[in-house]
**Q** 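Below is a structure I'd like to ask you about.
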Amino acid sequence: KNQVEQSPQSLIILEGKNCTLQCNYTVSPFSNLRWYKQDTGRGPVSLTIMTFSENTKSNRRYTATLDADTKQSSLHITASQLSDSASYICVVSARYGGATNKLIFGTGTLLAVQP
Amino acid sequence: NAGVMQNPRHLVRRRGQEARLRCSPMKGHSHVYWYRQLPEEGLKFMVYLQKENIIDESGMPKERFSAEFPKEGPSILRIQQVVRGDSAAYFCASSPRGLSNTGELFFGEGSRLTVL
């Protein structure tokens, strides 16, 4: 069964600190992995998209890693800010028949950054 | 360039009524996806549409739910005879092409349905 599991479920850190969020998946056949940020009451916003051949990808203070062999990904946030408080969702894309992909969403890690 | 527009943002219905949720994709996007998010759960795929066509409705409940994306106008997600379990946030997303490989997906802010 295609599944995406994220840990921890929630996390509290102090402003300025770093943190790492984890994502394990059992999706097959794998197409790509995405990280989204979802502020409370808002829609998800894309942070990164990683394909099979990419190990690391950075977007400002966000760095995502992908190990396609162990089917694990992480999202590292550097020098956290209060505005980083949100749910971070790992999404894995599975290829279904030709060019059609289907996205499988994790339940997210709820990050709270405190002053 | 406006993003994906959903309305209403909040909708309250009594059991047995109908709910209609609208989604206008980003300009130039002809692919629309609907997702449902229950509290404490991840987004669940419901349906994928292109203009005038339903491409994949494998996530749609068999009864009471329907979706359309007409040639003109927004995509509509329709829920008939709502029940309390339909209370959720419904997100629409659009893309310029299908989600092959690294196709980018843009989400709206969601419509939050509360069934009393």
**Q** Any chance CE of B:Met5 has more than 12 other-residue heavy atoms, nucleotides or ligands included, within less than 6.0 Å?
**A**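 No - once you tally the heavy atoms of other residues, nucleotides and ligands closer than 6.0 Å, there are 12 at most.
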**Q** Using the rule that Ile, Leu, Val, Met, Phe, Trp and Tyr join whenever any side-chain heavy atoms are under 4.5 Å apart, tell me whether A:Met50 and A:Leu47 fall into a single cluster.
**A**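 Linked within one cluster.
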**Q** Report, as yes or no, whether the 6.0 Å neighbourhood of atom CZ on B:Arg9 holds more than 12 heavy atoms from other residues, nucleotides or ligands.
**A**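 For B:Arg9, atom CZ is crowded (more than 12 foreign heavy atoms under 6.0 Å).
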**Q** Where on A:Gln6 is there a heavy atom nearer than 4.5 Å to chain B: the side chain, the backbone, both, or neither?
**A**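 Contact with chain B involves no heavy atom of A:Gln6 at all.
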**Q** Would you say that more than 12 heavy atoms from the other residues, nucleotides or ligands in this model lie under 6.0 Å from the NZ of A:Lys17, or not?
**A**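 12 or below, so no.
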**Q** Counting heavy-atom pairs under 4.5 Å with chain B, which one of A:Ser87, A:Gly41, A:Gly106, A:Pro44 comes out on top?
**A**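 With the most close heavy-atom pairs to chain B, the winner is A:Pro44.
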**Q** Taking heavy atoms only and a threshold strictly under 4.5 Å, list by residue number the residues of residues 75-86 of chain A that touch chain B; give 'none' if the list is empty.
**A**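 Near chain B, by residue number: none.
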**Q** In Å, rounded to the nearest 0.5 Å, how long is the span from CD1 of A:Ile104 to CG of B:Leu43?
**A**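 The distance works out to 12.5 Å.
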**Q** Pick whichever of A:Gln9, A:Arg42, A:Gln38 has the most heavy-atom pairs under 4.5 Å with chain B.
**A**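 Of the candidates given, the most pairs with chain B belong to A:Arg42.
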**Q** Check the hydrophobic clustering (I, L, V, M, F, W, Y; side-chain heavy atoms under 4.5 Å; chains of links allowed) and say if B:Phe45 and B:Phe91 are grouped together.
**A**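 Yes: a chain of side-chain contacts under 4.5 Å links B:Phe45 to B:Phe91.
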**Q** Go through the atoms of B:Gln6 and report whether side chain, backbone, both or neither lie under 4.5 Å from a heavy atom of chain A.
**A**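 Neither; nothing under 4.5 Å.
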**Q** Do you reckon B:Leu77 sits in the same ILVMFWY cluster as B:Tyr48, going by side-chain contacts under 4.5 Å, direct or chained?
**A**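 Result: no, two separate clusters.
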**Q** Are B:Val47 and A:Phe105 linked, directly or through other ILVMFWY residues, by side chains that come within less than 4.5 angstrom of each other?
**A**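 Result: no, two separate clusters.
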**Q** Mind checking whether B:Val115 and B:Tyr90 sit in one hydrophobic cluster, side chains of I, L, V, M, F, W, Y counted as touching below 4.5 Å?
**A**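 Yes; B:Tyr90 is reachable from B:Val115 via cluster members.
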**Q** So, for A:Tyr36 and B:Leu105, which heavy atoms are closest and what is the spacing to 0.1 Å?
**A**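 Shortest heavy-atom separation between A:Tyr36 and B:Leu105 comes out as OH-CB, 3.6 Å.
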**Q** Check the surroundings of atom CD in B:Gln81: do more than 12 heavy atoms from other residues, nucleotides or ligands lie under 6.0 Å from it?
**A**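 No - once you tally the heavy atoms of other residues, nucleotides and ligands closer than 6.0 Å, there are 12 at most.
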**Q** Quick one: pull up OH in B:Tyr35 and CG in A:Leu103 and give me the separation to the nearest 0.5 Å.
**A**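 The distance works out to 4.0 Å.
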